[in-house]
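What's counted below: heavy atoms across the whole structure, side chains too, no hydrogens, waters or symmetry copies. By convention in this document, chain letters (A, B, ...) are assigned in the order of the sequence lines, proteins followed by strands, and residues within each chain are numbered from 1.
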Protein chains: 2
Amino acid sequence: MAVQARYEQYEELSRQLGAFGAVKRELGRILPSECASGSAAVVTLLGRHGDMRMSKLAELLAVDMSVTSRHVAHVAERGWIERLPDPADRRSRILRLTPEGHLLLAELSRRTTHLLAERLGDWSEEDVTQLTRLMARLRAGFDDCRALPPRLPPPEPQTTTRTPATT
Amino acid sequence: MAVQARYEQYEELSRQLGAFGAVKRELGRILPSECASGSAAVVTLLGRHGDMRMSKLAELLAVDMSVTSRHVAHVAERGWIERLPDPADRRSRILRLTPEGHLLLAELSRRTTHLLAERLGDWSEEDVTQLTRLMARLRAGFDDCRALPPRLPPPEPQTTTRTPATT
DNA sequence: TATTGTTATACTCTATAACTATA
DNA sequence: TATAGTTATAGAGTATAACAATA
């Protein structure tokens, strides 16, 4: 039946999602000293989208603003960004890459693309494009519903133990 | 030129990889109490591949054995797996799911597939299959070369500051 | 001497809650 | 009263190094 096949697809996708952390860790290992992955994300997003406020950055990072605040403080301490006052709202701060930040961004791009070129050198252009497109779509599917938290499925109709976790 | 286009593909893929943490965090939020994502990975891999030794599990998890040891201890304390002596090597231990572990595995599968069904319900079967296939291939590309650590690209030929990180 | 696995320590990322300053 | 951002605290994941037991 089609439903059964679809759930097996989800199972398999779930396994790939679980194992995908290894890829991100590997990418993290090539980062420059002092620049952890959180810092790299801040610099990369500012380079991609331009100056923005904390709240906007938190949204793009898809993490709580408290986390964003810590990452931004770390990056600002190292001189890669500056925090300008927002003339429209004195509670807010505008984040902007410094010249040193742009240099770091170029270095990050160089290292990342080099590693990906090493690992994906034998991929067809179509496959790279497809993977990027499908990952973006999956992420968008999770972003969209971030307001409403994920719901659990209804409990099993069977009369078996339903919550093995809370033993 | 083609090389330039390829590097732009890598840039875009890199951004998607960076933003992908949000998907994994969302999947982590639906886990049962006491079962963190590390525990879920252990149970899932044992269910998928059957009984195995610590070293094999560490390889499948793609993390250091010390990390594996901690996750396994957590899972064993909750009765989801047992650690049997290995008759072939007394240093080693064979990991096996308990009946409670199988119940937990079923519950994990139920919750994960439900969430994916909610988020990917409008995807074509081809797209789901493609994404799974390409993620597996990308991960394999990183797994294969895990023995040799990722190498950094050669320094820029230009006479600019090459290491903005070590300011 | 080499390998399997455990433990101690330290670092990063994340979320929740309490707090300050401003709207 | 509500919002933008910060800080304190706690929990989870990971790696390195030192260690025990066995091969």
Side-chain angles (χ1 to χ4, degrees), chain A residues 17-42 52-78 81 83-95 146 149-150, chain B residues 17-42 52-78 81 83-95 146 149-150:
Chain A
L17 286 166
F20 220 57
V23 174
K24 291 206 68 177
R25 285 197 295 280
E26 206 66 17
L27 282 165
R29 283 187 235 286
I30 62 167
L31 295 175
S33 142
E34 302 272 305
C35 181
S37 76
S39 303
V42 167
M52 67 182 77
R53 314 204 312 179
M54 292 286 307
S55 51
K56 174 66 175 174
L57 180 58
E59 185 188 325
L60 290 175
L61 288 169
V63 298
D64 192 85
M65 186 132 79
S66 65
V67 177
T68 306
S69 183
R70 272 200 14 169
H71 288 330
V72 163
H74 184 271
V75 171
E77 280 163 15
R78 277 148 192 85
I81 66 171
R83 291 184 274 196
L84 309 169
D86 181 348
D89 185 340
R90 281 193 301 167
R91 294 171 301 180
S92 178
R93 310 173 82 167
I94 305 293
L95 308 176
R146 208 180 332 154
Chain B
L17 286 166
F20 220 57
V23 173
K24 290 207 68 176
R25 284 197 295 280
E26 206 67 18
L27 282 165
R29 283 186 235 284
I30 62 167
L31 294 175
S33 143
E34 302 271 305
C35 180
S37 76
S39 302
V42 168
M52 67 182 79
R53 316 202 312 180
M54 292 286 306
S55 51
K56 174 68 175 172
L57 180 58
E59 185 188 322
L60 290 174
L61 287 169
V63 298
D64 191 85
M65 186 133 77
S66 65
V67 178
T68 307
S69 183
R70 273 196 17 170
H71 288 162
V72 163
H74 185 270
V75 170
E77 280 163 17
R78 275 147 194 85
I81 67 172
R83 290 183 276 196
L84 309 169
D86 182 348
D89 185 339
R90 282 194 299 170
R91 294 172 301 182
S92 178
R93 308 173 83 167
I94 305 292
L95 308 176
R146 207 182 332 155

**OP:** Using atom CG of Leu57(B) as one end and atom P of dG5(C) as the other, report the distance to the nearest whole Å.
**Re:** 10 Å
Original post:
Can you check the Arg70(A) CZ to dA10(D) C1' distance for me, whole Å?
Top reply: 12 Å
Original post:
Axis-to-axis angle across the helix from dG5(C)-dC19(D) to dA23(C)-dT1(D), five pairs an end, to 10 degrees?
Top reply: 0°
Original post:
Less than 3.5 Å between a donor and an acceptor, one on the side chain of Arg90(A) and one on the base of dT22(C), is that the case here?
Top reply: no
Original post:
Would you say the side chain of Ser66(B) and the base of dT16(D) hold a donor-acceptor pair, judged only by whether the two atoms sit under 3.5 Å apart?
Top reply: yes
Subject >> 5'-most by nearest nucleotide on DNA chain D - Arg25(A) or Met54(A) >> reply: Met54(A)
Looking at [X], does any N or O in its side chain come under 4.0 Å of the phosphate oxygens OP1/OP2 on [N]?
{"X": "Arg93(B)", "N": "dT22(D)", "answer": "no"}
{"X": "Arg91(B)", "N": "dT6(C)", "answer": "no"}
{"X": "Ser92(B)", "N": "dG5(C)", "answer": "yes"}

Original post:
Mapping His71(A) and Asp89(A) onto DNA chain C by nearest heavy atom, which one lands closer to the 5' end?
Top reply: His71(A)
Subject >> Earlier contact from the 5' end, DNA chain C, for Arg53(B) and Ser37(A) >> reply: Arg53(B)
Original post:
With a non-hydrogen cut-off below 4.0 angstrom, is Ser69(A) in contact with a base, only sugar-phosphate, or nothing?
Top reply: base
Subject >> Evaluation steps, side-chain contact (heavy atoms from CB on, under 4.5 Å), between Val63(B) and Arg25(A) >> reply: CA-CA 10 Å; Val63(B) 298; Arg25(A) 285 197 295 280; 3.2 Å; yes
**OP:** Test Ser55(A) against every option in Met52(A), Glu59(A), Arg53(A) by the side-chain contact (heavy atoms from CB on, under 4.5 Å) rule and name the one that passes.
**Re:** Arg53(A)
Original post:
With a 4.5 Å heavy-atom cut-off, do Val67(A) and Leu61(A) have their side chains touching?
Top reply: no
